[in-house]
Structure formats: C-alpha cells, structure tokens
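Computed from a predicted structure; not experimentally measured.
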Amino acid sequence: MFLRVFCQVAAAIQEQGESAMAPGGIWQQAAGQFNGEQLAYVAAFATGSQLLFGDRPKATTYKRLFAIPSLADLDAAFGAEAAALYSGYLAAAAADGGGDAAAAAAAVAADYQAALSQTCVWGIMMREREGVMLGVVDQCCRGLMQLPGAPAPAVALVVGSAHLPGLQELWDSGAWRDMVGPDGLGPASPVLAAPALDASSMGAPGAGAKRGLLEAVLQLSVPAEVLQDVEEVLPPVPDDQAEARAWAWEIYGSFRMQLAALPEPLLSGVCGAVRGSSAAEFLAPLRALRPLAGGPGWDAEAGAALRTLNFDLSGGAEQSGSGAEPSGAAAEAA
C-alpha cells in the first residue's frame, strides 16, 4: 500500500517538474504527511535513482562497541555524552535571553559536541558506519552505466539525519577510503570486521563492569530498541560478572553520575552548593569510581548509597531516590 502511494506521489512530482517544489506544492504536502525515510523513497522514485541502505550489519557494530573500547574509553565517552547533553541544556536556556551570553553558551555547547565526536564510541557508532555508507555508494556508482544521450544515473542513499555532517566531511576529505581499506568493502575491510565474542569473553575480568558501562553510555543516545538489540547480539553475562554489570549500569544510569562526569566550569553552571559544600566536593566519591580516575567503575556500597541519598541542588528542592535531577535551567530544559 505505502509503495503504491510513494510511486503515485513520485509520478506527480515528475509530471509537475519544478512547480512540484514550490511553496504549497506536492513536495511540501508530502513533507507534511511522510517521515524522513518515506520522503527519501519518494525522492528516489521521482528522480529515477537507485535506492540504497548502506549501513553495516548491526551485530558488527555492537560487537565492536564491546570489544574495542577499554573501560576508560567507555568512561570518557560517558563524560563526553553528559557534557554535550548538559551544555546543550544551558545553551537552550541562554538562547531565550539572546545577546553575547547566548552566543557564548552556544559556542561552549558546540565545543563539547565536537569533543564527543572524537571519542572511541562515537567513532564506532557513527564515523565507521558513515565510512561504510560511502563505500556502498562508491561500489554502486562504479557499477552504473551511462547510456549515450541519457542523463547521468543517480543514487539515493537513505541515512539518519545525524549522519549527514559526518558523511559530508568524509566525502569531501576522502578519508572514507582509508577507513574501508584499499580493496573497498570486501572481506578484508577493517570496518566490517566483527570481533569473535563468546561466553568466555563475557567472563573475562572486568567484562561485567564494561558491559554495564557500555549500556549506560548507549542509554544516553539511543532508543530502548537498540539496547534490546545489543542484549540479543552480545553473549550473556555469567553469574560471577552479573553484579558488576548491574551496579555499573545503575550507577552510571543515575543523574548524579552524569553530574559527577561533568568538567568544570560546566558543573558549576548546572548546579552550585550542595549542603554547604561545592558540587564537585559532594560528588567526589562518585568521581573516584570512574575508570578515568583509576576506579573500577562500580561499587556496591556506593550504588546502595545512591538509592537512598538526598541532597539539595542550588535553586531546587531536596531530591531523593536513585537519582537527582539537575536544577535550574538545565532541569527545565530536561
């Protein structure tokens, strides 16, 4: 049914030509009815383009996310995600006032977003996949033949909008070629290599904390369906690693650990004094758990304390339970 509708809209666009793109035209009407992926289908059919889904298998990405980053890499990615998130909240709040303060807050948020894009997890989740997407386009275009007198053939690649900046940068720089390897997206391509993971991989020392921390990092940026996919793809965690996994996930899944991962002065911008001490001092025990600080990434006593700890954030009421919301502008943006 949907395919027939897409083809009908595409045929109307072809028939109307440039007028189809005018304000109020059929393309604008379609944009109000279809989501982004569906519009890509319509555009491909309207232009006679070959339609590609260029991502690599999800299982490969999930296995690489567990096997390649160290515990410290995952911790760094968590901190970068939290900093990008909270700086974005502050920038959104400052935007209402406009002026230099809004511009400064936006610049800070852009810097934290740029730092996030340099993490190992981002490289696997985004940059590697974007290299694969461009490799698929390249392979497809090499197989297209332009007939004499005919217009140049076109290819439509369906991707998530979050990938567009990375795709543009990799395409313009040509860096995607080094990523996929000299033989393209063949069996030897490094970005298609899926690490072998089995029950022994999950039983290795530190594997439980690593699994829990990975899930906490992903939880900041992906929907629940992706977390379920990860659970189904990765081998089960053995009993002797289950406690570490559960506590790492719970601790890193708390708002307090998000705050503990924030650098200064961002933390001060989000919350201030906590019962007579600075937020940094109050969150020091959680910061000491971070692998980047030499910690194990979890602790049963610290996790239990998170479930019952109450504290005040400047500008907000007392918080209780397993996590505390940031106060002020950040809480409103959240």
Side-chain angles (χ1 to χ4, degrees), residues 10 13 18 20-21 27-28 30-31 34-58 60-61 64-65 68 77 80-81 83-85 87-88 91-92 95 103 105-144 146 151-186 189-193 217-218 220-223 226:
I13 291 175
E18 292 184 5
M21 310 304 291
W27 176 257
Q28 190 174 75
F34 303 138
N35 63 34
E37 184 174 336
Q38 293 168 336
L39 286 173
Y41 304 151
V42 172
F45 297 152
T47 58
S49 302
Q50 182 172 342
L51 193 62
L52 297 179
F53 295 87
D55 209 345
R56 68 182 171 194
K58 291 187 291 186
T60 299
T61 297
R64 291 176 67 83
L65 279 171
I68 294 176
E81 285 277 7
L85 182 68
S87 63
V108 169
D111 287 343
Y112 280 120
Q113 185 63 44
L116 172 61
S117 70
Q118 300 303 309
T119 64
C120 181
V121 170
W122 182 279
I124 297 170
M125 279 284 290
M126 300 293 287
R127 193 172 179 83
E128 285 185 359
R129 292 168 57 208
E130 289 156 3
V132 171
M133 295 172 194
L134 294 177
V136 170
V137 172
D138 180 66
Q139 285 185 341
C140 180
C141 290
R142 289 178 185 276
L144 295 177
Q146 183 175 359
V155 170
L157 179 67
V158 179
V159 300
S161 59
H163 289 289
L164 293 177
L167 287 168
Q168 186 71 57
E169 186 272 325
L170 289 175
W171 182 261
D172 291 343
S173 67
W176 65 271
R177 299 182 185 277
D178 294 330
M179 295 174 64
V180 303
D183 299 323
L185 291 176
S189 175
V191 290
L192 293 182
V217 172
L218 294 178
L220 291 176
S221 60
V222 303
V226 172

### Query
In Å and rounded to the nearest 0.5 Å, what is the CD to CH2 distance from Glu81 to Trp122?
7.5 Å
### Task
Could you pull out the closest heavy-atom pair between Ser87 and Ala83, with the gap in Å?
OG-O, 2.7 Å
### Message
Tell me which pairs pass salt bridge (charged side-chain N to carboxylate O under 4.0 Å, His left out) where either residue lies in residues 160-171, with sequence neighbours left out.
### Response
Arg127-Glu169
### Query
Are the side chain of Gln38 and the backbone N or O of Asn35 linked by a donor-acceptor pair below 3.5 Å?
yes
## Note on the structure
Taken to the nearest 0.5 Å, the spacing of Thr60 OG1 from Glu128 CD works out to 10.0 Å
### Message
Under the rule for side chain to side chain donor-acceptor pair (under 3.5 Å), what residues qualify as partners of Gln118, not counting sequence neighbours?
### Response
none
N/O donor-acceptor pairs under 3.5 Å from side chains in residues 109-116, not counting sequence neighbours:
none

### Message
Could you check whether any side-chain N or O of Arg56 sits under 3.5 Å from a backbone N or O of Val132, counting only pairs where one atom can act as donor and the other as acceptor?
### Response
no
### Query
In Å and rounded to the nearest 0.5 Å, what is the CG to NZ distance from Leu65 to Lys58?
13.5 Å
### Task
Grab the two heavy atoms, one from Ile68 and one from Cys120, that are nearest each other, plus how far apart they are.
CG2-SG, 4.2 Å
### Task
Can you measure from CG (Leu134) to CG (Leu185) and round to the nearest 0.5 angstrom?
9.5 Å
### Summary
Looking only at heavy atoms, the pair that brings Phe45 and Ala10 closest together is CB-CB, 3.5 Å
### Query
Is there any salt bridge (charged side-chain N to carboxylate O under 4.0 Å, His left out) pair reaching into residues 129-138, and which pairs are they, with sequence neighbours excluded?
Asp55-Arg129, Asp138-Arg142
### Task
Identify the two heavy atoms, one from Trp27 and one from Ala43, that lie closest to each other, and give their separation to 0.1 Å.
CH2-CB, 4.1 Å
### Message
With a 3.5 Å distance limit and no angle check, can you tell me whether Thr61 reaches the backbone of Met125 through a side-chain donor-acceptor pair?
### Response
no
### Query
Tell me, which pairs form a salt bridge (charged side-chain N to carboxylate O under 4.0 Å, His left out) where one or both residues lie in residues 170-184, sequence neighbours left out?
none
### Query
Nearest heavy-atom pair of Gly131 and Leu170: which atoms, and what distance?
N-CD1, 3.8 Å
### Query
If you look at every heavy atom in Ala77 and Val217, which pair is closest and at what distance?
CB-CG1, 4.2 Å
### Task
Using the test side chain to side chain donor-acceptor pair (under 3.5 Å), find all partners of Ser117 that sit at least two apart in sequence or belong to another chain.
none
